[in-house]
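Proteins come first, then strands; the chains are lettered A, B, ... in the order of their sequence lines, and each starts at number 1. Values below: all heavy atoms of this structure, side chains included; hydrogens, waters and symmetry mates excluded.
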Protein chains: 2
Amino acid sequence: MPDPLVRKLQRYGPLSDADRLWLAEALGTRRQVAARTDIVVEGEDPRAVNVVLDGWACRYKQLADGRRQIVSLILPGDPYDSNPFLHDRMDHAVCALTPVILAHVRGSAMQDLTARSPNLNEAFHRETLANASIQREWTVSLGCRTGIERLAHLFCEVFARLAVVGLTKDSTCSFPITQNDLADALGQTSVHINRTLQDLRAAGLITLRGRQLTLHDPDGLARLAYFDPAYLHFTVDEADLGALVRE
Amino acid sequence: MPDPLVRKLQRYGPLSDADRLWLAEALGTRRQVAARTDIVVEGEDPRAVNVVLDGWACRYKQLADGRRQIVSLILPGDPYDSNPFLHDRMDHAVCALTPVILAHVRGSAMQDLTARSPNLNEAFHRETLANASIQREWTVSLGCRTGIERLAHLFCEVFARLAVVGLTKDSTCSFPITQNDLADALGQTSVHINRTLQDLRAAGLITLRGRQLTLHDPDGLARLAYFDPAYLHFTVDEADLGALVRE
DNA sequence: CGTCGTTTTGATGAGCCTCAAGGTGTGTGG
DNA sequence: CCACACACCTTGAGGCTCATCAAAACGACG
């Protein structure tokens with residue numbers, strides 16, 4: 001398994017061979033988690049970091065009456081802090097959307113890592129900032145994009161994020177979540193997601209079949225979605241989705 | 001002007017007298033900004049921190065066709081990083097919603113501060129995490145709360161955040177933004193906000209007149225909004241809005 | 001006293017939800 | 001190997017929430 005974490009962090013700035021080595025060492029044993037199960041966290045060191053190496057996960061919150069909102073997607077290569085706060089109860093949950101392979105960097109190891117390598121320190125810091133930025137963009141999507149724009153925007157974002165860790169091929173990537181999950185992420189019902197998907201297909205912009213997403217017209221999709229990848233904050237400038245697909 | 005920043009940070013953990021003193025020193029000269037003007041940032045040290053001491057501001061993003069989404073509110077006592085990223089262009093803007101008084105802590109001063117005081121370091125860290133949590137909650141609001149729930153939730157959140165910095169009196173606080181701003185924050189039109197406001201008033205839950213918000217039934221409002229203040233992550237446990245009002 | 005930003009009201013229609021049922025695919029057990 | 005179950009996707013009909021457009025009332029301020 002080529003390490004998606006390294007690929008990810010590299011997009012925020014250069015890493016030395018030593019950095020890569022240290023990072024590989026710090027990643028402890030891998031753990032398998034089944035789809036549709038919460039990734040629970042035993043009493044957790046706030047400095048520790050978990051990483052999804054394979055599969056998709058999400059953060060979600062649930063209202064008392066059962067309504068669920070997926071507030072972010074966690075893709076291969078994404079580190080995530082499982083602990084929102086030291087003394088507080090968890091205010092949201094993390095859940096595997098597909099079978100997931102996790103690695104865990106202990107708090108002490110993490111501290112060593114960032115102390116030894118300014119590059120890694122910087123990269124992790126940027127990761128945090130980029131996540132905040134993505135969260136803001138989701139707020140924008142839910143606040144002022146229409147149904148079809150939201151869906152198109154999510155496809156653009158996911159494709160771009162997967163491209164960065166080398167998980168796209170031509171204009172295709174894996175897209176293994178259900179329409180129900182999409183609905184919970186985009187603030188709509190699965191029925192309506194289904195209809196909107198058909199519109200996108202009819203417009204010749206994408207196909208989504210058998211957990212595979214293909215972008216037939218990345219630029220058109222980005223235009224429809226008002227997608228501007230700047231908010232992803234990768235330093236290497238991949239100006240547009242088209243470039244990602246062409247590469 | 002009693003310092004709302006100190007009051008805010010104290011809610012994340014205890015501060016010593018020395019902490020308070022250092023912090024007061026670090027806050028440089030104050031700056032006035034007129035309402036409805038962007039708070040622009042000259043080439044900015046990424047470690048620097050700005051603080052709103054008085055007035056309300058917001059972060060917003062705008063789509064190419066003009067649609068605006070307010071992604072967060074910045075209230076008195078809220079520190080905010082003006083720099084999303086060092087080398088990147090700004091991916092969102094910060095704007096004064098009312099006349100605002102700002103203070104600025106230079107990067108070097110900030111570094112001294114956190115190096116000298118573990119308390120302050122911890123408090124600022126928690127502030128960052130709390131902000132991320134608030135952003136997630138906004139995602140939930142936009143994704144799965146109805147119009148009236150959204151509005152009620154925002155009122156609860158704002159009241160709780162203002163209570164923490166001592167800016168509420170009985171069950172009343174200042175609420176100086178227009179229905180248009182509310183609309184841009186909650187992903188609706190001002191027309192519909194207006195009608196929803198009337199519903200809240202008719203239900204006897206609030207009054208909002210002359211920039212003053214009064215909660216007549218905080219518990220009822222919280223119930224309607226599915227408001228659970230845990231996501232604000234103040235360490236002192238003010239279990240519910242009611243307690244805030246009664247105090 | 002007039003101007004301008006803000007709030008309020010009305011009428012109409014689009015977007016999305018709800019409920020309900022039928023279709024498709026995949027894995028499982030007999 | 002077939003039959004069944006179950007999860008997921010798809011389709012239809014009807015209704016509610018909210019947007020849009022337009023205009024009137026209100027209020028603060030010069």
Side-chain angles (χ1 to χ4, degrees), chain A residues 34-37 56 63 65-70 95-99 141-154 174-203 206-213 224, chain B residues 34-37 56 63 65-70 95-99 141-154 174-203 206-213 224:
Chain A
R36 314 252 135 235
T37 58
W56 290 27
L63 298 190
D65 70 348
R67 278 175 278 178
R68 178 175 85 139
Q69 178 66 36
I70 291 179
C95 175
L97 293 172
T98 71
S141 267
L142 292 169
C144 59
R145 274 188 256 259
T146 66
I148 197 168
E149 290 167 1
R150 268 182 232 183
L151 202 44
H153 194 273
L154 187 72
S174 161
F175 202 96
I177 66 177
T178 68
Q179 293 182 10
N180 223 312
D181 295 328
L182 271 176
D184 284 347
L186 299 179
Q188 295 180 316
T189 60
S190 59
V191 171
H192 197 252
I193 291 288
N194 183 286
R195 294 186 166 123
T196 308
L197 268 175
Q198 293 176 42
D199 292 342
L200 281 177
R201 286 192 266 247
I206 62 147
T207 57
L208 177 59
R209 280 185 52 86
R211 342 251 91 171
Q212 291 281 314
L213 170 69
L224 168 62
Chain B
R36 316 249 134 235
T37 58
W56 290 26
L63 297 190
D65 70 348
R67 279 175 278 176
R68 178 175 84 140
Q69 178 66 37
I70 292 179
C95 176
L97 293 172
T98 71
S141 267
L142 292 169
C144 60
R145 274 188 256 258
T146 66
I148 197 166
E149 290 166 1
R150 269 182 233 182
L151 202 44
H153 193 272
L154 188 71
S174 161
F175 202 96
I177 67 178
T178 67
Q179 294 182 10
N180 223 313
D181 295 328
L182 270 176
D184 284 347
L186 299 180
Q188 294 180 315
T189 60
S190 59
V191 171
H192 197 251
I193 290 289
N194 183 285
R195 295 188 164 122
T196 309
L197 268 174
Q198 293 176 42
D199 292 343
L200 281 177
R201 286 192 266 245
I206 62 147
T207 57
L208 177 59
R209 280 184 53 86
R211 340 252 93 173
Q212 291 281 314
L213 170 69
L224 168 61

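For A:Arg209 and A:Thr146, each mapped to the nucleotide of DNA chain C holding its nearest heavy atom, the one lying further toward the 5' end belongs to A:Thr146. Of the residues near DNA chain C, A:Thr196 and B:Ile177, the one whose nearest nucleotide (by heavy atom distance) lies more toward the 5' end is B:Ile177.
Remark: A:Leu197 CG to A:Ile206 CD1 distance equals 5.5 Å, nearest 0.5 Å.
A:Asp181 has its CG atom 8 Å from the P atom of D:dC8, to the nearest Å. Atom P of nucleotide D:dA19 and atom CD of B:Gln188 are separated by 5 Å, given to the nearest angstrom. Atom CG in A:Leu197 sits about 15 Å away from atom P in D:dC8, given to the nearest Å. For B:Arg195 and D:dT17, the CZ to C1' distance is 12 Å, given to the nearest whole Å. If you take CD of A:Gln179 and C1' of D:dC9, they are 6 Å apart, rounded to a whole angstrom. Atom C1' of nucleotide D:dA19 and atom CG of B:Asp184 are separated by 14 Å, given to the nearest angstrom. Distance CG (B:Asp199) to C1' (D:dC16): 14 Å, rounded to an integer number of Å. B:Ile193 places its CD1 atom 15 Å from the P atom of D:dT17, with the value rounded to the nearest Å.
In this structure, A:Leu154 and A:Arg150 have side chains that are not in contact, with every pair of non-hydrogen atoms separated by 4.5 Å or more. In this structure the side chain of B:Arg145 never reaches within 4.5 angstrom of the side chain of B:Leu186, judged on heavy atoms. Residues B:Thr146 and A:Arg67 have side chains in contact (heavy-atom distance under 4.5 Å, counting atoms from C-beta outward). Within the 4.5 Å cutoff, the side chain of A:Leu208 has no heavy atoms near those of the A:Leu200 side chain.
Residue B:Thr189 is in base contact, counting any heavy-atom pair closer than 4.0 Å across all strands shown. Among the heavy atoms of the strands lying under 4.0 Å from B:Gly187 are primed sugar atoms or P, OP1, OP2 only; no base atom is included. Note on A:Arg145: nothing from the nucleic acid sits closer than 4.0 angstrom, heavy atoms only. A:Arg67 comes within 4.0 angstrom of nothing in the nucleic acid, heavy atoms only.
Contact between the side-chain N/O atoms of A:Asn194 and the OP1/OP2 oxygens of D:dT10 is found at a separation under 4.0 Å.
Put simply, chain B comes within 4.0 Å of DNA chain C, heavy atom to any atom, from C:dT6 to C:dA11, going 5' to 3'.
The side chain of A:Thr178 sits closest to D:dC9 out of D:dT20, D:dC9, D:dC18.
Checked by atom type, the side-chain pair A:Asp181/A:Thr178 shows a donor-acceptor distance below 3.5 Å.
What you find for A:Thr189 and A:Ala183 is that their closest heavy atoms are C-CB, 3.5 Å.
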